[in-house]
Amino acid sequence: MSIAIDGNKCIGCGRCIEICPGGIIKKNQDHKAFLKRPQDCWSCGSCMKVCSAEAVFMYLPVELGGRGGRMTLQRNGSRMEWTVTRRDGSSVTLTTSADTANRY
Ligand code: SF4
Ligand code: SF4
């Protein structure tokens, strides 16, 4: 399980680089973010949450998304819509609130 960054969407703001606890996101020569050491990503999702360009997505393990499954995040104000899309195109979306996230 690891994130990936869509270079076509990335605007090079650098927020994911600042927030990644492992320091494993870097910028390439085009000032686009990329994951330098995917094997070190522990899929905390922080980079997904801070990316206003929705350029970051997460590959899911087979158990969660089926082979080739991925999860994307779309923000709508404080609403965070997490969508799991399977290889066959089917999807499911879970909505959480940024206002109450990480409150236990
Ligand atoms: S937060 Fe998003 S837009 Fe900004 S550098 Fe990272 S991937 Fe690119
Ligand atoms: S999911 Fe977490 S550990 Fe992985 S690249 Fe993003 S911020 Fe870094």
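One-based numbering, in listed order, for ligands and for the atoms of each. Below, each value reflects all heavy atoms present in this structure, side chains not excepted, and no hydrogens, waters or symmetry copies.
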Exercise. About how many Å separate CG of Leu35 and SG of Cys20, when rounded to the nearest 0.5 Å?
Worked result: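 One gets 7.5 Å once the value is rounded to the nearest 0.5 Å.
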Exercise. Nearest 0.5 Å, what's the NZ-OG1 distance between Lys49 and Thr96?
Worked result: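 Atom-to-atom, Lys49:NZ and Thr96:OG1 are 7.5 Å apart.
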For this session: Tell me yes or no: between the side chains of Ser91 and Thr85, is some donor less than 3.5 Å from an acceptor?
Result: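 Absent: no donor and acceptor within the cut-off.
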Exercise. Which protein N, O or S atoms does atom 4 (Fe) of ligand 2 have within a distance shorter than 2.8 Å?
Worked result: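 Short answer, with waters excluded from the count: Cys41 SG.
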For this session: Answer with yes or no whether the hydrophobic clustering places Leu60 together with Leu73; edges join I, L, V, M, F, W, Y residues whose side-chain heavy atoms lie under 4.5 Å apart.
Result: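 Leu60 clusters together with Leu73.
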Problem set entry | ILVMFWY cluster, Ile19 and Trp82 together (side-chain gap under 4.5 Å) |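 As far as the 4.5 Å side-chain criterion goes, Trp82 and Ile19 are not connected within one cluster.
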Exercise. Hey, which of Cys41, Cys16, Pro38 is the one that makes side-chain contact (heavy atoms from CB on, under 4.5 Å) with Ile3?
Worked result: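 So, applying the side-chain contact (heavy atoms from CB on, under 4.5 Å) to Ile3 and each of Cys41, Cys16, Pro38, only Cys41 qualifies.
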For this session: Could you grab the protein N, O or S atoms closer than 2.8 Å to atom 8 (Fe) of ligand 1 for me?
Result: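 Atoms qualifying: Cys10 SG.
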Is a side-chain donor or acceptor of [X] paired with a backbone partner of [Y] at a separation under 3.5 angstrom?
X	Y	answer
Asp6	Asn8	yes
Asn28	His31	yes
Arg15	Val50	yes

